[in-house]
Structures are given as C-alpha cells and as structure tokens.
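Data first, discussion second: the structure below is written as structure tokens.
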Amino acid sequence: MTHERRIAATLLAWYDANARDLPWRTGPDAARAGLRPDPYRVWLSEVMLQQTTVAAVRDRFLRFVERWPDVAALAAAPDAEVMAEWAGLGYYARARNLLACARIVARDLDGQFPRSRAGLQALPGIGPYTAAAIAAIAFDLPECAVDGNVERVVARLFAVAEPLPAARARIGSLAAALVPGDRPGDHTQAMMDLGATICTPRNPDCDACPLRALCGGHARGIAADLPRKAPKAAKPVRRGIAYVGRRADGAWLLERRPARGLLGGMLGWPGTEWTVSPARPAPPARAEWRAVPGEVRHTFTHFHLALSVMVAELPAGANPERGEFIASDHFRPADLPTVMRKVHAHALAGGFEGH
DNA sequence: GATTCGTGGTC
DNA sequence: TGACCAAGAAT
C-alpha cells in the first residue's frame, strides 16, 4: 500500500467514527448506503462557507432552506429579499451570484445542477474549490477540492515549507494524489473535518490526530508552523459620513448600493465615499443635519473605517436627492449589512428617534 | 499573481 | 484589544 493510500484509508476510518453532524450532510452511513445529499443544499452550504465559519453558517443555512427549499423557489425570489436574508454574512457578491446561479439552473438546466466539475465551475459564484466540492460531495465524483483546510493538512502531512501562495501548485498535486477512487465525497469531507477539528491553524491537536504517524510535518516538529504565508499589508484607515434621516411618518431614508463593489446590492445609509481623506459632500436631503457624538468603527478585509454619523428629521413632503424612504413597519436593521446596522444603533444611542 | 470583497470568533 | 483567521471567487 502506498503512503497516499494509507493516509486516505486511515482518514476515512477516522471520518466514519468522527464525522461532524451538519445540516447539509447526510453522513457517512448514508453515503455508504449510496444515499447522496441534495445538490441544492450542498451548493448553498459551500457558497455560504466560503471564507465563513461553520458556526456562523449553520443557523443561516437552516433559515435559508426553510424559506427557499429548492433551487426553483430561490430562483423565483425577489433580489431584495435574498440580499436581506444574506445581510450580516458578508461577501455580498456571493448572494448576487447565488441568485444568478439559481436562475440559470432553474431556467436553462431544468432545475438540475451539472454533474461535472467543469459544468459546475461555469456557473456564477462557483470557482475551482466549490465546483470540486459539489462534484465530490453531491455526486461522489473523484475531484479534489482544495480549500484552506486541505492546504493546511497537506502542507503539514508533506512538510511543505515553501510559503503560500507560491506553494499552491505543489499542494494541489499532493492533495489530488490523496483522493481515493472509492468514496471521494467522504474523503473530501474528512479532510475538512480533520482540518477544522484537529489539524487547526493554531494549536493543532497532534496527539489526537489519526494521521500523526504518517505526518512529515509532525516528524520534523514543524507541523504547527505550516503552512507558511507571506505577511499581509497593513490596513489604512478610511473615513466617511453616514446620514440617518427619518421622515415625519417614521420612514427611514435608505439607499440601495450599486450592484458592484463594496456591499454591492445591499441597503445602506446615504453618505460620502469612504476614503483616507474624504471630500465634504452635500447631504442627501435638505434638513437640519446634526452630528452624533462619537463615531462608528468597523474593519473590512483591507481597511479600517471610521464613520461620522449625521441625523435629521425630514419633513412630511421631503424630496431627497438620493435614496428612498422605507416605511417604519418595513424597516428591519437586520436587513442591513453589519456596518450599516452599527450606524443605525449609533444614531439611536446618540438619542436620535426622529419625530 | 495581486486586489477586492465582510464578518464574528479567538487568543 | 488588535491582529489573525474561516469550506474562495471575480477581476
């Protein structure tokens, strides 16, 4: 038996006894009985899990499939409702692409997800990792899905000291050589589970690892230091102003953001650009704007944001130059991205109630 | 290959 | 408390 086969067999045996119970899974027992999970649920979970923790996804996934149980239901949903449901999860291009993908599958593919990696990867929001993961998990095809977990596990198993991202090609071929012809779907999920529960980024629990005796990184005493990564750039601080306006009838002045770019397609407060030194702009409506003491701080992937908040009561017949009024009964802070929710909370904390 | 794109948890 | 990190994709 080759080293690779021994690793795969040991990992699969460990998975049979230790697989995590997750709402989008059917579990190893069902898999061995030939039962596959619903491709719709696999696809949705994989998209939600992109750069997002299982803990954050679990409840959101359940709410989502309760509301839209299949791809046809999702394809028929209004954009604004899907974006609102995604609010707080981040990386909102995922929600836009999710809906675009659902509509293609429902309209052009008879509601069936493609049963090949290439076919899947041709759809919006499905890249190399997600295509391979769906192919393996939903259809049990021998594809190799390489995510952050797999990169870490493989870098340690084979003591790959070259830093990412340069090591990506080598890690990819090492990972592909591990995929067994039998039960490739469970192998994929086993790699994830090992990476998430034992071979963790910090303080890996090598004592509990089924692959410890087969691990090159452990043998060299460097497992916990792998994979090596290039240092990240510092985050600049950007500034801006957000305007929280409320009409006499209680309606809030909000604005749908452009479909592309940061928070694209999401609802938010009108405001300035967010730059290192923003220009002083005109408010979205004529009113007595006053500053709320303090500021809202929020950190995005590549910059810190410090937002000043201005508030104003707007007259009943207000005709704003930007944005749209959302009636008080229809306004839910939970429909906003987190930074916008913080702005609303800051305005309220500053004593603003509107009329 | 390098950038852009969110958020909440963790140490 | 601030930096790091998580089942990446699109450009």
Side-chain angles (χ1 to χ4, degrees), chain A residues 20 22-25 37 41-61 83 86-98 100-101 120-138 143-153 163-169 172 175 185 187-197 199-204 227 229-238 257-266 268 274 297-305 334 336-342:
Chain A
R20 286 178 295 171
L22 301 171
W24 46 88
R25 281 187 177 174
R41 293 167 70 93
V42 174
W43 163 70
L44 177 61
S45 69
E46 288 299 341
V47 173
M48 281 191 169
L49 286 162
Q50 289 166 5
Q51 297 292 286
T52 309
T53 58
V54 167
V57 165
R58 192 189 298 259
D59 290 349
R60 299 306 212 91
F61 173 84
M83 299 312 288
W86 203 273
L89 256 186
Y91 286 145
Y92 299 100
R94 294 185 294 173
R96 303 194 301 271
N97 287 328
L98 190 83
C101 180
L120 288 161
Q121 199 173 327
L123 293 166
I126 301 182
Y129 162 76
T130 303
I134 297 172
I137 296 170
E143 300 288 357
C144 183
V146 182
D147 70 332
N149 284 308
V150 174
E151 280 183 347
R152 184 171 60 256
V153 170
L164 294 171
R168 211 146 261 159
H187 170 79
T188 299
Q189 298 179 89
M191 293 287 282
M192 314 281 184
D193 280 17
L194 188 73
T197 64
C199 196
T200 50
R202 286 174 295 197
N203 305 316
K229 297 186 181 181
K232 295 180 179 167
K235 294 179 174 157
V237 177
R238 295 189 194 174
R257 297 174 62 88
R260 296 176 173 254
L262 191 67
L263 308 179
M266 298 300 289
W274 299 340
R297 294 192 150 276
H298 191 76
T299 297
F300 292 97
T301 307
H302 54 292
F303 64 94
H304 300 290
L305 178 65
L336 304 181
T338 297
V339 64
M340 299 297 179
R341 199 159 40 73
K342 285 187 185 177

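A, B, ... follow the sequence lines: proteins, then strands. Residue 1 opens every chain. Side-chain atoms are counted along with the backbone in the values below, which use heavy atoms only and exclude waters and symmetry mates. Quick caveat: nothing in here was measured; it's all calculated off a predicted structure.
Rounded to an integer number of Å, the gap from CE of A/Met48 to C1' of C/dG8 is 16 Å. Straight-line distance from the CG atom of A/Leu49 to the C1' atom of C/dA7: 5 Å, rounded to whole Å. At whole-Å resolution of the value, CG in A/Leu164 and P in C/dA6 are 10 Å apart. Protein atom CG of A/Asp147 is 15 Å distant from nucleotide atom P of C/dC5, rounded to whole Å. Put simply, CZ on A/Arg58 is 14 Å from C1' on C/dA7, counting in whole angstrom units.
Figure legend: cation-pi geometry between A/Arg257 and A/Trp274, with NZ or CZ positioned under 6.0 Å from the six-membered ring centre and within 45° of its axis.
The separation of C/dA3 from B/dG6, taken at their C1' atoms, amounts to 16 Å, rounded to a whole angstrom. For the C1' atoms, the distance from C/dG8 to B/dG1 is 16 Å, rounded to whole Å. Separation of the C1' atoms belonging to C/dT1 and B/dG8 is 15 Å when rounded to the nearest angstrom. The P atoms of C/dA7 and B/dT4 are separated by 23 Å, rounded to the nearest whole Å.
A donor-acceptor contact under 3.5 Å is formed by the side chain of A/Arg20 with the base of C/dA7.
Using a cut-off of 4.0 Å between Lys/Arg side-chain N and Asp/Glu carboxylate O, A/Asp147 and A/Arg152 are scored as not salt-bridged.
Ranking C/dA10, C/dC5, C/dT11 by closeness to the A/Asn97 side chain, first place goes to C/dA10.
With no hydrogens or angles considered, a side-chain donor-acceptor pair links A/His298 and A/Lys342 at under 3.5 Å. A/Thr52 and A/Arg94 are linked by a side-chain donor-acceptor pair at a separation below 3.5 angstrom, with hydrogens and angles left out of the test. A donor atom on one side chain and an acceptor atom on the other are found under 3.5 Å apart for A/Arg25 and A/Gln189.
Listed by chain and number, the residues in a ring-ring contact (aromatic ring centres under 6.0 Å, His included) with A/Phe61 are A/Trp24 (sequence neighbours excluded).
Comparing A/Arg260 and A/Glu46 along DNA chain C, the residue whose closest nucleotide (by nearest heavy atom) sits nearer the 5' end is A/Glu46.
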List the protein contact pattern of nucleotides 2-11 of chain B with one symbol per nucleotide (5' to 3'): B for base contact, S for sugar-phosphate-only contact, - for none; contact means a heavy-atom distance under 4.0 Å.
-> --SBBBS-B-
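A/Val54 comes within 4.0 angstrom of a nucleotide base, judged by non-hydrogen atoms across all strands. Residue-level contact check: A/Trp24 touches the bases, meaning some heavy atom is under 4.0 Å from a base atom. Looking at heavy-atom distances under 4.0 Å, A/Leu22 makes contact with a base.
Listed here is the closest heavy atom pair of A/Arg96 and A/Arg260: NH2-CA, 4.3 Å.
Residue A/Lys235 places none of its side-chain N or O atoms closer than 4.0 Å to OP1 or OP2 of C/dG2. Residue A/Lys229 places none of its side-chain N or O atoms closer than 4.0 Å to OP1 or OP2 of C/dA3.
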